[in-house]
Amino acid sequence: MNDWQKKSPLDWETYVNKLVKVVAIEKHEYEGWVLTVDPVSASIILATFPEDEKVVISVVMGHAVQEVEILEEGDSEMKQRLSCIFAPQESKAYSPEELEKRKNDLKTWLERNHIPVSEQGESGRTLCVAGVLRIDPPYGPEQCSCSNEIILSRVQGLVQGYLEKQQ
């Protein structure tokens, strides 16, 4: 096990959102912005932004890492750019007020259609349908989770239909 692999996740976290140069076995060198470090394999995920392409992702396997040198700290603009790399295109940020309204509207609609629903969690952010299905913010079909695939599919269909009527 090399020195890099012996580090703790808290040590690796100090490299996130920084431009680094990684020296790997056989004198291979990689340069890029650290997106994350896998805590199990110690592999480093790097992002580079060539001018002709949007983003290039590289993975340097943890066992191959010999040295990591920080070249530059990431500014707030770079941190934002890195955080959006894996975000879905249609992802939309909701204010706490919008999320509360979406939750209450969906809960009211489910109750009106005689579907048992309750609020769960410390802050009541999660909706629980019939005690077996959870709907987390922002309360769309993708946020439904249930171990029973039939119930999951049917409730996702209901939520999708409800959201299409709202638009």
Side-chain angles (χ1 to χ4, degrees), residues 7-20 32-51 53-60 62 70 72-167:
K7 290 184 181 284
S8 75
L10 291 174
D11 294 330
W12 293 323
E13 189 178 26
T14 62
Y15 292 89
V16 174
N17 295 326
K18 294 185 173 115
L19 183 63
V20 299
W33 294 92
V34 178
L35 280 171
T36 191
V37 179
D38 176 51
V40 175
S41 68
S43 299
I44 305 172
I45 316 310
L46 299 173
T48 54
F49 302 96
E51 290 157 26
E53 299 175 41
K54 291 184 178 178
V55 66
V56 175
I57 304 295
S58 308
V59 178
V60 182
I70 296 175
E72 183 183 329
E73 296 282 328
D75 58 10
S76 59
E77 183 181 323
M78 181 53 73
K79 288 178 184 177
Q80 177 64 33
R81 191 173 182 188
L82 291 169
S83 71
C84 293
I85 288 176
F86 292 114
Q89 291 291 348
E90 70 279 352
S91 157
K92 179 185 174 203
Y94 294 98
S95 71
E97 295 79 24
E98 289 175 312
L99 283 176
E100 188 67 23
K101 181 179 181 338
R102 286 177 64 92
K103 179 187 77 171
N104 291 333
D105 290 350
L106 179 58
K107 183 180 178 191
T108 302
W109 183 82
L110 289 168
E111 288 171 338
R112 204 173 338 157
N113 286 283
H114 308 290
I115 298 170
V117 62
S118 62
E119 294 179 20
Q120 282 188 335
E122 290 176 23
S123 57
R125 294 185 58 194
T126 301
L127 293 177
C128 182
V129 176
V132 295
L133 181 133
R134 295 170 37 116
I135 307 175
D136 294 309
Y139 310 104
E142 300 84 23
Q143 287 77 41
C144 294
S145 59
C146 180
S147 60
N148 184 316
E149 290 182 30
I150 295 170
I151 293 172
L152 177 63
S153 173
R154 291 194 178 157
V155 173
Q156 282 178 320
L158 288 171
V159 171
Q160 183 65 41
Y162 162 74
L163 291 174
E164 286 171 1
K165 287 180 184 176
Q166 297 302 104
Q167 293 175 350

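Side chains included, hydrogens not; waters and symmetry mates left out as well; all remaining heavy atoms used. Just so it is clear, the structure is predicted and the values come from calculations on it, not from any experiment.
In terms of the side-chain contact (heavy atoms from CB on, under 4.5 Å) criterion, S76 has no residue partners (sequence neighbours excluded). Scored by the side-chain contact (heavy atoms from CB on, under 4.5 Å) test, T48 finds P50, V56 as partners (sequence neighbours excluded). With sequence neighbours left out, S8 forms a side-chain hydrogen bond (donor to acceptor under 3.5 Å, both in side chains) with D11. Residues forming a side-chain contact (heavy atoms from CB on, under 4.5 Å) with E13 (at least two apart in sequence, or on another chain): L10. Taking S41 as the reference, D38, S43 meet the side-chain hydrogen bond (donor to acceptor under 3.5 Å, both in side chains) condition, with sequence neighbours excluded. With sequence neighbours left out, the salt bridge (Lys or Arg N to Asp or Glu O under 4.0 Å) criterion links E97 to no other residue. Residues passing the side-chain contact (heavy atoms from CB on, under 4.5 Å) test with P96: none are found, sequence neighbours excluded. Remark: D105 pairs with K101 by the salt bridge (Lys or Arg N to Asp or Glu O under 4.0 Å) rule, at least two apart or across chains. Residues forming a salt bridge (Lys or Arg N to Asp or Glu O under 4.0 Å) with K7 (at least two apart in sequence, or on another chain): none.
Legend: ring-ring contact (aromatic ring centres under 6.0 Å, His included) pairs involving residues 144-167, not counting sequence neighbours, sorted by first then second residue: W109-Y162. For residues 128-143, the side chain to side chain donor-acceptor pair (under 3.5 Å) pairs, not counting sequence neighbours, are T126-D136, R134-D136. Counting only residues at least two apart or on different chains, no salt bridge (Lys or Arg N to Asp or Glu O under 4.0 Å) pair has a member in residues 154-167.
Checked by atom type and distance alone, the side chain of Q156 pairs as donor or acceptor with a backbone atom of P141 at under 3.5 Å. Panel note: side chain N113, backbone I115; no donor-acceptor pair is recorded below 3.5 Å. Checked by atom type and distance alone, the side chain of S153 never pairs as donor or acceptor with a backbone atom of E149 at under 3.5 Å.
Summarising the geometry of L46 relative to G32, their closest heavy-atom pair is CD2-O, 3.9 Å, with the distance given to 0.1 Å. In plain terms, the two heavy atoms of W12 and A42 that are nearest each other are CZ2-CB, 3.5 Å. Across all their heavy atoms, V129 and L110 have their closest contact at CG2-CD1, 4.1 Å. Residues C146 and V132 approach most closely at SG-O, 3.4 Å, considering heavy atoms. A pairwise comparison of heavy atoms in F49 and M78 identifies CE1-SD, 3.8 Å as the closest pair. For the residue pair G140 and V159, the shortest heavy atom distance occurs at C-CG1, 3.8 Å.
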Worksheet entry | side chain to side chain contact (heavy atoms under 4.5 Å, CB included) between V16 and L35, intermediate numbers included | CA-CA 6 Å; V16 174; L35 280 171; over 6 Å; no
Discussion item. What verdict does the side chain to side chain contact (heavy atoms under 4.5 Å, CB included) test give for D75 and K79, after you've listed the backbone C-alpha separation in whole Å, the side-chain angles of each residue and the deciding distance to 0.1 Å?
Written reply: CA-CA 6 Å; D75 58 10; K79 288 178 184 177; over 6 Å; no
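Side chains of I44 and V59 form no contact here, defined as non-hydrogen atoms less than 4.5 Å apart. Using a 4.5 Å cut-off on side-chain heavy atoms (C-beta onward), N17 and V34 make no contact. Looking only at side-chain heavy atoms (C-beta outward), Q80 and C84 come within less than 4.5 Å of each other. Between E119 and N104 the shortest side-chain heavy-atom distance falls below 4.5 Å. Between V117 and E111 there is a side-chain heavy-atom pair separated by less than 4.5 Å. A 4.5 Å side-chain heavy-atom check between I57 and I45 finds at least one atom pair inside the cut-off. Residues I70 and L19 form no side-chain contact, since every pair of their non-hydrogen atoms from C-beta on lies 4.5 Å or further apart.
The distance from atom CG of L158 to atom CG of L163, rounded to the nearest 0.5 Å, is 11.0 Å. The line from CD of E77 to CG of L82 is 10.5 Å long, rounded to the nearest 0.5 Å. Atom-to-atom distance recorded for W33:CH2 and E72:CD is 4.0 Å, nearest 0.5 angstrom. Distance SG/C144 to CD1/I151: 12.0 Å, rounded to 0.5 Å.
By the 6.0 Å contact criterion, CZ on R125 is open, its count of non-hydrogen atoms from other residues, nucleotides or ligands being 12 or less.
With respect to P138, the side-chain contact (heavy atoms from CB on, under 4.5 Å) criterion is satisfied by exactly one of K103, E98, R102: R102.
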